[in-house]
Amino acid sequence: MIREFKASDTEALINVWRRASDIAHPFLSSAFLDSQVPALRDIYFPNAETWTVEVNARPVGFVALIGSEIGGLFLDPDIQRSGWGHKMVNHASALKGDLQVEVFEKNNIGRSFYNQYGFVETHRFIHELTGETTIKMHFKTN
């Protein structure tokens with residue numbers, strides 16, 4: 001099920017984020033990923049509109065929304081390709097309508113997912129913290 005984020009989900013979802021990031025973002029250093037954990041815990045989860053995917057009473061993924069932008073969408077690698085990613089974007093779109101997302105150019109998994117869903121590239125820029133090219137994408141409901 002997809003439900004509202006609870007503070008008690010934090011550590012499980014940080015673990016999901018890290019495992020999924022290691023696969024989707026092999027071009028980012030382990031030190032950089034480690035440095036992002038406090039921001040997830042103290043800034044992003046408490047301040048974003050976060051929805052948790054729960055399977056068998058266990059948090060296994062999340063979509064974090066900042067307005068109509070997907071700030072993060074991560075699933076435990078063990079359940080990727082099971083339809084939960086689409087369900088999360090469907091949920092986000094039902095709540096917000098048109099959506100935006102930023103995805104690293106080298107994140108082939110994320111780019112493929114968003115392309116298949118129907119997002120289209122609107123522009124590219126350099127991600128300040130990593131120096132990596134990032135693609136801004138947009139999804140229109142109609």
Side-chain angles (χ1 to χ4, degrees), residues 1-139 141:
M1 80 170 136
I2 298 174
R3 60 165 173 76
E4 287 187 59
F5 168 82
K6 298 183 285 194
S8 60
D9 297 332
T10 300
E11 295 310 313
L13 294 182
I14 287 172
N15 184 48
V16 165
W17 170 83
R18 182 53 191 260
R19 289 183 67 224
S21 289
D22 285 343
I23 294 168
H25 306 128
F27 49 91
L28 298 176
S29 72
S30 184
F32 175 78
L33 292 173
D34 289 345
S35 77
Q36 298 305 294
V37 170
L40 278 170
R41 182 180 291 114
D42 303 329
I43 299 169
Y44 299 122
F45 284 141
N47 294 302
E49 180 182 347
T50 302
W51 296 87
T52 300
V53 174
E54 186 179 287
V55 174
N56 298 324
R58 188 172 69 91
V60 294
F62 67 92
V63 59
L65 303 170
I66 303 162
S68 62
E69 183 166 349
I70 297 173
L73 188 154
F74 292 89
L75 279 170
D76 186 301
D78 293 340
I79 67 157
Q80 289 179 2
R81 299 191 178 278
S82 63
W84 281 109
H86 277 84
K87 289 175 187 172
M88 286 193 294
V89 176
N90 289 346
H91 184 77
S93 182
L95 292 170
K96 305 294 181 179
D98 295 355
L99 298 170
Q100 298 82 43
V101 69
E102 294 175 2
V103 61
F104 286 113
E105 178 182 45
K106 292 179 183 174
N107 178 353
N108 296 326
I109 295 168
R111 287 182 50 220
S112 175
F113 170 80
Y114 290 116
N115 283 328
Q116 288 175 6
Y117 195 91
F119 282 76
V120 295
E121 180 178 334
T122 57
H123 68 279
R124 292 172 181 240
F125 62 95
I126 300 299
H127 183 255
E128 207 171 293
L129 294 175
T130 63
E132 294 289 338
T133 300
T134 303
I135 301 169
K136 181 87 169 185
M137 302 180 85
H138 185 251
F139 174 76
T141 55

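Scope of the values below: all heavy atoms of this structure, side chains included, with no hydrogens, waters or symmetry mates.
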E69 side chain near K136 side chain, heavy-atom distance below 4.5 Å | yes
Hey, could you give me the CD/CG distance between Q36 and L40, rounded to the nearest 0.5 Å?
-> 7.5 Å
F45, F62, W51 screened by side-chain contact (heavy atoms from CB on, under 4.5 Å) with F5, the one that passes = F45
Donor-acceptor under 3.5 Å (N107 side chain, V103 main chain) = no
Thinking salt bridges, do R111 and E105 make one under a 4.0 Å N-O criterion?
-> no
Do R19 and D76 touch side chain to side chain, with heavy atoms closer than 4.5 Å?
-> yes
Starting from the C-alpha separation in whole Å, work towards a yes-or-no answer on side chain to side chain contact (heavy atoms under 4.5 Å, CB included) for I70 and Q100.
-> CA-CA 6 Å; I70 297 173; Q100 298 82 43; over 6 Å; no
Which heavy-atom pair separates S82 from W84 by the least distance, and what is that distance?
-> OG-CD1, 3.2 Å
Could you go through the side chain to side chain contact (heavy atoms under 4.5 Å, CB included) check for I2 and T52 one step at a time?
-> CA-CA 6 Å; I2 298 174; T52 300; over 6 Å; no
Would you give the length of the straight line joining atom CD of E121 to atom CD1 of I135, rounded to the nearest 0.5 angstrom?
-> 4.5 Å
Between CE on residue M137 and CZ on residue F139, distance to nearest 0.5 Å = 11.5 Å
Nearest heavy atoms of D98 and T141, plus distance in Å | OD1-N, 2.9 Å
Are any of the side-chain heavy atoms of F119 and V101 separated by less than 4.5 Å?
-> yes
Using only heavy-atom distances, determine whether the side chains of Y117 and N90 contain a donor-acceptor pair under 3.5 Å.
-> yes
Report the C-alpha separation of V63 and F74 in whole Å, then their side-chain angles, then the decisive distance to 0.1 Å, and conclude whether the side chain to side chain contact (heavy atoms under 4.5 Å, CB included) test is met.
-> CA-CA 7 Å; V63 59; F74 292 89; over 6 Å; no
Minimal non-hydrogen separation, D42 against P46, with atom names = O-CG, 3.6 Å
Do S30 and R18 have side chains that get closer than 4.5 Å, going by heavy atoms?
-> yes
From CG (L129) to NE2 (H127), nearest 0.5 Å = 5.0 Å
Mind listing the closest non-hydrogen atom pair of L65 and A92 along with its distance?
-> CD2-CB, 3.8 Å
Close aromatic pair by centroid cut-off 6.0 Å: F113 and H86 | yes
Kindly indicate whether the side chain of S93, heavy atoms from C-beta on, has any atom under 4.5 Å from the side chain of M88.
-> no
Non-hydrogen atoms of L73 and G85 that approach each other most closely = CD1-O, 4.2 Å
Got a salt bridge between R58 and D9, using NZ or NE/NH1/NH2 to carboxylate O under 4.0 Å?
-> no
List the atom of G61, the atom of L13, and the distance in Å for their closest heavy-atom pair.
-> O-CD2, 3.5 Å
Rounded distance [0.5 Å steps], CD in E132 versus CZ in F104 = 6.5 Å
Residue pair L75 / R81, side-chain heavy-atom distance below 4.5 Å | no
With a 4.5 Å limit on heavy-atom distance, are the side chains of W17 and L33 in contact?
-> yes
Kindly determine whether V53 and R3 satisfy side chain to side chain contact (heavy atoms under 4.5 Å, CB included), including the steps that lead there.
-> CA-CA 7 Å; V53 174; R3 60 165 173 76; over 6 Å; no
Taking the six-membered ring for Trp, are the ring centroids of F27 and H25 within less than 6.0 Å of each other?
-> yes
Could you please spell out the steps behind the salt bridge (charged side-chain N to carboxylate O under 4.0 Å, His left out) verdict for E49 and K96?
-> CA-CA 11 Å; E49 180 182 347; K96 305 294 181 179; 2.7 Å; yes
Flag the pair L99 / H138 as yes when at least one side-chain heavy-atom distance between them is below 4.5 Å, and no otherwise.
-> no
